[in-house]
Amino acid sequence: MTGHPAIPEPYPYLARLNPEQREAVETLDGPLLVLAGAGTGKTRVLTTRFAHLLLTGRAHPGQVLAVTFTNKAAREMRERIAAMIGRPVEGLWLGTFHSLCARMLRRHAERVGLRSTFTILDTDDQLRLLKQVMEAERIDLKRWPAQAMMAEIQRWKDRALIPTAVTPAEDSGYANGRGRDLYAAYQRRLIELNAADFGDLLLHVTELLKREPDVLEEAHRRFRYILVDEYQDTNLIQYLWLRLLAQKHRNICCVGDDDQSIYSWRGAEIENILRFERDFPGAKIVRLERNYRSTAPILAAASALIAHNEGRLGKTLRPAGASAEGEKVEVQALWDSEEEARAVGARIEALRRDGHALAEIAILVRAGFQTRAFEERLITLGIPYRVIGGLRFYERAEIRDAMAYMRVLHQPADDLAFERIVNVPKRGLGDAALRLLHQTARRESIPLALAADRIAQSDALKGRPRAALAQLVRDFARWRAMLDREGHVATVAAMLDESGYTEMWRQDRSPEAPGRLDNLRELVRAIADFETLGGFLEHVALVMENDQVAEGDRVSLMTLHAAKGLEFDTVFLPGWEEGLFPNQRALDEGGAKALEEERRLAYVGLTRARRRAIVSWAANRRIYANWQSCIPSRFLAELPEEHIARATASSVAARPVDAAASVFPAVGFGGTHRGRVIEAGAWEVAPRPARADRFSVGDRVFHQKFGYGTVQSVDGDKLDVAFPTGVKRLLDRFVERA
DNA sequence: CTAATATTTATTTTT
DNA sequence: TAAATATTAG
């Protein structure tokens, strides 16, 4: 890869780059767009470029602003830069849009009416607050769900619109056109609570950069070079923020892949990357097209598929090196989602027998509910797996409760937190007490915590509630004093104990309770990693840590969205049916544009695979209550025939009742594929018995695996059958009359 | 305040 | 269908 071995290279790491990568690293001045296809060494370019800026003396660590979308990406980049430099680098402005904005906003909080201790609200708090605002404005929440209003507010914030900037054209007319007022009231409440939601972090900072020349100047003085990862996923306000920061020096390098833009529904505007050249005149564009990840057939399949999209800058992935060979991409037609799960399970077993690591296998689905069938099958087969995504640690109720205690301790004006814990554990402070608290707080314009103090000293409440409230007020005063003397770790531990919160879970007899106590212990342990309570709270708000420790050799199960940025030797892509993928609802909402985004999702899925991609679709799928027969996804027809091996399970082929089955001719099983015999047994395909062909108790039956047995009971299509090896519960279609 | 009952709604979710 | 949420009754 090195062009001139005779000339000594002052920067040896450059020699490890291919020419395009090298160009992307060495073009330090002026705007640069790096179009980095999947698996083309994007992260390497980004980190090398950062290190190069430092090592050439172009910039000090604090003069580079590097933005990512996820904390994971930021962490990875930080580690790789440290590895290249040879030591951890201090003072980097490297992080997510939100964490960088939070950092900037804390410096200038007072300019937007906040204090630097402001709380960052999560989605749950946001919604609760908005509901309160809407109730106060006498909006009928049944007619106008707060959820929808929240979505609209978020859309406005993504588009950099403060309440006064919302024009009728941007207003959907929600709540009889009162959306804008509600938005304004919501923003006022946030300031009163000394709080900001996620959108505010960018909104406030962008407003500051626009309005306050000295803030902008300071930023320009500081940031000489800007690096942006995943540029295709930026929304309008992120784009504006970047443009404001970059307008002076114009040293902005954006890395992205328009073909992997899959977050438009979160406000991402693919147009940002498509019109980069117009936004930054004189911009240079470098394309990274050498793919170091996947085999030629996988790349050919992915390329052919994505070529069906119109709005793209255009790139072709070429296999790097000698990976021109490889297995064809398999396309399997199965009877239903259960057969699909069995086929995938059997294939995984076979891979495992051949010595493949389970950690190198992933099942990528379009929608979360699809994982269930696979989970059940993997459990049955005893194959370890992990589901990535889903519940996050900091979203669990016990963690959020504990966090609320800490928030009240740290920032007594945090009414949302106070409200959450005032009666957790139960203190006899119900609706009536809460209403009184709110009344007092509103009348005197004070936070709830302070109102609690007033009420405890007055005789507005009597008996048990009054004593409980007084106790809570005294407790918080004591914990706050303790915080200064004994530090945050000891204080939080004491607070959770003395408040009775831990005791509440100890008393709880539900099966989850012990796990929750474990989580609480883990939480207290995590606090020790931070110097201050404020630092910890910010971490939790912004770094909703979601990556489970990759312990053990397990199959990964996740959505296609969650898979972006990951890679595996073997990737299963089930559920390629019209309606599911491409998703009907997405199509209904977004039309042709949405179809292209669905296709990009398919592209992302395929390009996750290094060596093997197995796509499948099921002719029947149960949607809610009833079964529905499915048509194969149009994406299947867009795959290039010469790189594809198609197979149709006999259960589908035997029943060419609909158009679905006739699209692919049956190939049957027991055929050979790349020289290996696929045993029919591995597919566990059996003809379905006709509807009338029911079993009754006492019937003798035969099963492929368990042999002969006797039917013990019948429950719909499920049978309990006594085999010599024991009683098994199975579906009637897997046994035949003996 | 809790428990039973009715109602709703089911795509993706980087922060 | 089934889970989550909202409402109502006790």
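From a predicted model like this one, the values you see are computed outputs, not experimental measurements. Below, chains carry the letters A, B, ... as their sequence lines are ordered, and counting in each starts from 1.
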Tell me which nucleotide among [options] gets nearest to the side chain of [X].
X	options	value
T70(A)	dC1(B), dT14(B), dT13(B)	dT14(B)
R366(A)	dT13(B), dT11(B), dT15(B)	dT11(B)
R585(A)	dT14(B), dT2(B), dT11(B)	dT11(B)
N583(A)	dT11(B), dT15(B), dC1(B)	dT11(B)
T559(A)	dT12(B), dT11(B), dT15(B)	dT12(B)
K131(A)	dA6(C), dT14(B), dT12(B)	dA6(C)
F69(A)	dA6(C), dT11(B), dT14(B)	dT14(B)

Roughly how many Å is it from [atom1] in [X] to [atom2] in [N], rounded to a whole number?
X	N	atom1	atom2	result
R600(A)	dT11(B)	CZ	P	21 Å
I388(A)	dT14(B)	CD1	C1'	14 Å
H561(A)	dT15(B)	NE2	P	14 Å
F369(A)	dT13(B)	CZ	P	13 Å

What would the secondary structure line of DNA chain B be in dot-bracket form, counting Watson-Crick and G-U wobble pairs under 3.5 Å, with [ ] for pairs that cross earlier ones and | for pairs with another strand? ||||||||||.....

Could you tell me whether [X] contacts a base, only the sugar-phosphate backbone, or nothing, with contacts defined as non-hydrogen atoms closer than 4.0 Å?
X	value
Y263(A)	base
N423(A)	sugar-phosphate
K564(A)	nothing
G368(A)	sugar-phosphate
Q154(A)	nothing
A367(A)	sugar-phosphate
L429(A)	sugar-phosphate

For [Y], is there an ion pair with [X] - N to carboxylate O distance below 4.0 angstrom?
X	Y	answer
K593(A)	E271(A)	yes
D401(A)	R516(A)	no
R159(A)	E269(A)	yes

For residues Y263(A) and F69(A), establish whether the separation of their ring centroids is below 6.0 Å. no

Pick out which of R621(A), R377(A), Q370(A) makes a side chain to side chain donor-acceptor pair (under 3.5 Å) with E340(A). R621(A)

Is it the case that dT12(B) (base atoms only) and R266(A) (side chain only) share a donor and an acceptor within less than 3.5 Å, ignoring hydrogens and angles?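 Not at all, since no donor on one side and acceptor on the other fall under 3.5 Å apart.
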
For E375(A) and Y385(A), test the side chains for any donor-to-acceptor distance below 3.5 angstrom and give the result as yes or no. yes

Shortest non-hydrogen contact from Y603(A) to A38(A)? OH-N, 4.3 Å

